[in-house]
2 protein chains.
Amino acid sequence: MNIGTAAAHSGVPAKTIRYYESVGLIQPADRTASGYRVYGEQDVETLRFVQRARSLGFSVEDVGSLLALWRDRSRTSAEVKALARHRVEDIDRKITELTEMRETLLHLMERCKGDERPECPILQGLAGKTA
Amino acid sequence: MNIGTAAAHSGVPAKTIRYYESVGLIQPADRTASGYRVYGEQDVETLRFVQRARSLGFSVEDVGSLLALWRDRSRTSAEVKALARHRVEDIDRKITELTEMRETLLHLMERCKGDERPECPILQGLAGKTA
DNA sequence: CTTGACCTTACAGTTACTAGAAGGTTGAAT
DNA sequence: ATTCAACCTTCTAGTAACTGTAAGGTCAAG
């Protein structure tokens, strides 16, 4: 199948597939005589794997490691679990950070009337005035 | 004061100050005869404002709007509050997304022994096998 | 044999900086 | 007067992970 079909089957845009190939995340596809990339079922599966891992927030580089582990029959499940654990820790850090931003913003908004008048504690807060 | 001092006082790195100037977020600074940028207290305050807004996750473009509102004596607090509300909504969406990623990952990890054996439900899950 | 959908490469743009290179300025110590 | 470090200047390029666009080749159908 051509790249467009592989894209439709895997959920990864054709452009992105080419990009992944260019950065070495996936193997270069075979080509027809005229230069078209050709994909098989196995390739589509790999693409789907990549897609799921990316959607869980693994970086392209992480996905590379995950793919290597996926293909390595001798790897231990501990290695994979460690990567997943790091990812969860990253996520936790981000959630904490976002939650703090949210609190601060809500706190500022609470005191802002949000009417036609110019007085705005939000801007005052951003300006650093404790007012 | 020179850019380094302004950087130290505002918490915005000198390089970043130049960058903000180059993209038009802040006004071009005055220059000495030899070309050094010169800053005053007011500039440092602006920089601090920018820094706080950025740390709350407003984009540089958003901060531009915020700065305009900050300087505009005739603006209504409703305008400012609307920007803040959008930002909170963005944050909420991100938190939801991250929480979902976290759940999925934890769910996969739960079933992975994480020992020396190769069996790994995490990889199977990423591969799309419901196993 | 032309049309339209598909494919190819290559380059620019996105966000918000950050690193590095090459060189000029300043102020203090020698 | 000179030297030295610490500052400043501009410019280019790199980061993550694509996405958009241009210019052009290919394929199957009518």
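In what follows, every chain begins at residue 1, and chains take the letters A, B, ... in the order their sequences are listed.
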Specify the separation, in whole Å, of atom [atom1] of [X] and atom [atom2] of [N].
{"X": "A:F58", "N": "D:dC18", "atom1": "CZ", "atom2": "C1'", "answer": "20 Å"}
{"X": "B:Y39", "N": "D:dC8", "atom1": "OH", "atom2": "P", "answer": "10 Å"}
{"X": "A:I3", "N": "D:dT19", "atom1": "CD1", "atom2": "C1'", "answer": "14 Å"}

(request) For a side chain to side chain contact (heavy atoms under 4.5 Å, CB included) with B:F58, tell me which candidate from B:V63, B:D90, B:V50 qualifies. (result) B:V63

(request) Hey, which sits more toward the 5' end of DNA chain D by its nearest nucleotide, A:S59 or B:R37? (result) B:R37

(request) Using a cut-off of strictly less than 4.0 Å between a heavy atom of the residue and any atom of DNA chain D, enumerate the qualifying residues of residues 11-31 of chain B by number. (result) B:R18, B:R31

(request) Name the nucleic acid region contacted by A:T32, choosing base, sugar-phosphate or nothing; use a 4.0 angstrom heavy-atom cut-off, strictly under. (result) nothing

(message) Looking only at side-chain N and O atoms, does B:T76 offer a donor or acceptor that is under 3.5 Å from a partner on A:D115?
(response) no

(message) Once rounded to the nearest 0.5 Å, what's the spacing between atom CE of A:M101 and atom NZ of B:K94?
(response) 8.0 Å

(request) Return the 5'-most residue of the pair B:S34, B:R54 with respect to DNA chain C, ranking by each residue's nearest nucleotide. (result) B:R54

(message) Between B:R37 and B:D30 (salt bridge meaning N to carboxylate O under 4.0 Å), is one present in this structure?
(response) no

(message) Between A:E21 and A:R31, does any side-chain N to carboxylate O distance fall below 4.0 Å?
(response) yes

(request) Keeping the roles fixed (side chain from B:S77, backbone from A:R117), state whether a donor-acceptor pair exists under 3.5 Å. (result) yes

(request) Report the nucleotide, chosen from C:dA16, C:dT25, C:dC7, that has the shortest atom-to-atom distance to any side-chain atom of A:N2. (result) C:dC7

(message) Under 3.5 Å, is there any donor-acceptor pair linking the side chain of A:Y36 to the base of D:dC27?
(response) no

